[in-house]
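I have placed the structure first, in the form of structure tokens, so that the comments after it can refer back to it.
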Amino acid sequence: MSRPGHGVAMRIALIGTGRIGAFHAGVLARHPEVGQLVVADADAARAAEVAALTGATATATVAEALAGADAVVIASATAAHAGLIAAAARAGLPAFCEKPVALDVPGTLEALGAVEAAGTELQLGFMRRFDAGYRNARELVRSGRLGRLHTVRAVTSDPAPPPAAYLPLSGGLYRDCLVHDFDIVRWVTGREVTEVYAMGSDAGPAMFRAAGDIDTAAVVLTLDDGTLATATAARCNGAGYDVRLELAGEYDQFAVGLDDRTPLTSAEPHGPGRPDKPWTGFLERFAPAYEAELDAFVRLVRGEAANPCDGRDALHALRIAEACEVSRRERRVVPLAEIPGAAGREG
Ligand SMILES: NC(=O)c1ccc[n+]([C@@H]2O[C@H](COP(=O)([O-])OP(=O)(O)OC[C@H]3O[C@@H](n4cnc5c(N)ncnc54)[C@H](O)[C@@H]3O)[C@@H](O)[C@H]2O)c1
């Protein structure tokens, strides 16, 4: 893998210019070390629109975008991730890819195998690792201020569902949405999930039932030191975008995502009232984190920093999501050891 020289502005290819890709295009276009941004999308008009907004160059094909690039940012629809990761690896290019690598373990292992064989880097888009609150929480756990951690509560509630067309391609609520919570619980606590029990409900809008998906989920995760974690997700949370992580220990408890914009109103007569400006969505809530993760990627491409979130992290989070699918389907506790792909191998 060759690296752009220090002080030389790099050329980045961005593949996929939909909701998140358009946001990443803006971040990359503003980055002082990105000299040239080239964008491509299966929908050429979409790529042209984003190029016009950001000053990027749109190309007709992915191959044209990759030619001459120093690195690749993949923000296409999920089904194209694994193929694009492999194409970047074959071209010897470091890649940043939105979650997930693939919707199943074999597809994930194949893409990670291509990266390993090429000796390139793959950074995954678990942006919560770059959010100030989650970073503080990780330090608090390590500092011992909570004492023994006994309970972790992760919450991800979206104010409105994604477009109906997104659902059949998303992999479902556990893989698409709760995968962020699975990653961040591992990262903040430094523990591994050993078993899960997952439930889900499709009692909301009919489009979830039509896609074979659920709109609300509740999961119990057992960590390898016995700590219990719960993770809930909801696609139709009218109060706003609510992403929190609560950590309770023997000495103290802390919450990430608890501020004057948290869309949670106390039912107590004198408790905190309704926020004036509740968080509206991921692009607003996590804007600084998206910027920081791409800055980290630029530094990784330069060889100035280690990979903050690699393919093995994506595999761990996906295996937890897969265990949730099995658990919900079979209505039982599922040990992670049952899910293929442990230690990066099938079996
Ligand atoms: N980290 C996060 O917070 C976060 C948030 C939203 C989405 N995502 C992930 O980002 C990805 C994109 O999600 P989105 O909401 O932007 O979806 P989207 O549907 O808005 O955009 C996807 C884009 O990819 C394009 N595309 C599809 N196949 C392609 C291919 N083979 N080559 C080039 N372009 C292709 C589509 O034309 C579309 O413009 C998904 O994998 C999703 O899981 C992550």
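Atoms within each ligand, like the ligands themselves, are counted from 1 in listed order.
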> If you look at every heavy atom in Ile85 and Cys97, which pair is closest and at what distance?
Replying inline: CD1-SG, 3.8 Å
> How far apart are the closest heavy atoms of Val39 and Ala56, and which atoms are they?
Replying inline: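 Val39 and Ala56 have their closest heavy atoms at CG1-CB, 4.0 Å.
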>> Check for me whether Arg128 meets the cation-pi criterion with Phe282, that is, NZ or CZ under 6.0 Å from the six-membered ring centre and within 45 degrees of the ring axis.
In response: no
Working to the nearest 0.5 angstrom, can you tell me the gap between [X] [atom1] and [Y] [atom2]?
| X | Y | atom1 | atom2 | value |
| --- | --- | --- | --- | --- |
| Arg148 | Tyr251 | CZ | OH | 10.5 Å |
| Glu195 | Ile320 | CD | CD1 | 12.5 Å |
| Thr189 | Leu146 | OG1 | CG | 12.0 Å |
| Met127 | Arg285 | CE | CZ | 8.5 Å |
| Ile15 | His81 | CD1 | NE2 | 11.0 Å |

With a cut-off of 4.0 Å, which atoms of ligand 1 are near a heavy atom of [X]?
| X | answer |
| --- | --- |
| Asp176 | 43 (O) |
| His180 | 1 (N), 2 (C), 3 (O) |
| Gly125 | 1 (N) |
| Met127 | 1 (N), 3 (O) |
| Ile15 | 33 (C) |

> Quick one: does Asp213's side chain get under 4.5 Å of Asp202's, heavy atoms only?
Replying inline: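 No, every pair of side-chain atoms sits at 4.5 Å or beyond.
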>> Could you check whether any side-chain heavy atom of Thr262 comes within less than 4.5 Å of a side-chain heavy atom of Asp242, counting everything from C-beta outward?
In response: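 Side-chain contact under 4.5 Å: yes.
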>> When you group the ILVMFWY residues by side-chain heavy-atom contacts below 4.5 Å and let the links chain together, are Leu283 and Trp279 in the same group?
In response: yes
Side chain or backbone, does [X] bring an N or O within less than 3.5 Å of an N or O on ligand 1?
| X | answer |
| --- | --- |
| Ala75 | no |
| Glu98 | yes |
| Thr17 | no |

What is the closest protein heavy atom to [atom], and at what distance does it sit?
| atom | value |
| --- | --- |
| atom 10 (O) of ligand 1 | Ile20 CG2, 3.3 Å |
| atom 15 (O) of ligand 1 | Arg19 NE, 2.7 Å |
| atom 38 (C) of ligand 1 | Asp41 OD2, 3.5 Å |
| atom 41 (O) of ligand 1 | Thr78 OG1, 2.7 Å |
| atom 21 (O) of ligand 1 | Gly18 CA, 3.2 Å |

Nearest neighbour of [atom] from the list [options], on a heavy-atom basis:
| atom | options | answer |
| --- | --- | --- |
| atom 42 (C) of ligand 1 | Phe286, Phe282, Phe23, Tyr166 | Tyr166 |
| atom 11 (C) of ligand 1 | Gly281, Ser76, Ala42, Gly16 | Ser76 |
| atom 26 (N) of ligand 1 | Ala40, Ala77, Ala47, Ala80 | Ala77 |

> Heavy atom under 4.0 Å from ligand 1: found in Lys99's side chain, backbone, both, or neither?
Replying inline: both
>> Heavy atoms only, cut-off 4.0 Å: how does Tyr290 contact ligand 1, side chain, backbone, both, or neither?
In response: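 For Tyr290, the contact with ligand 1 is made by the side chain alone.
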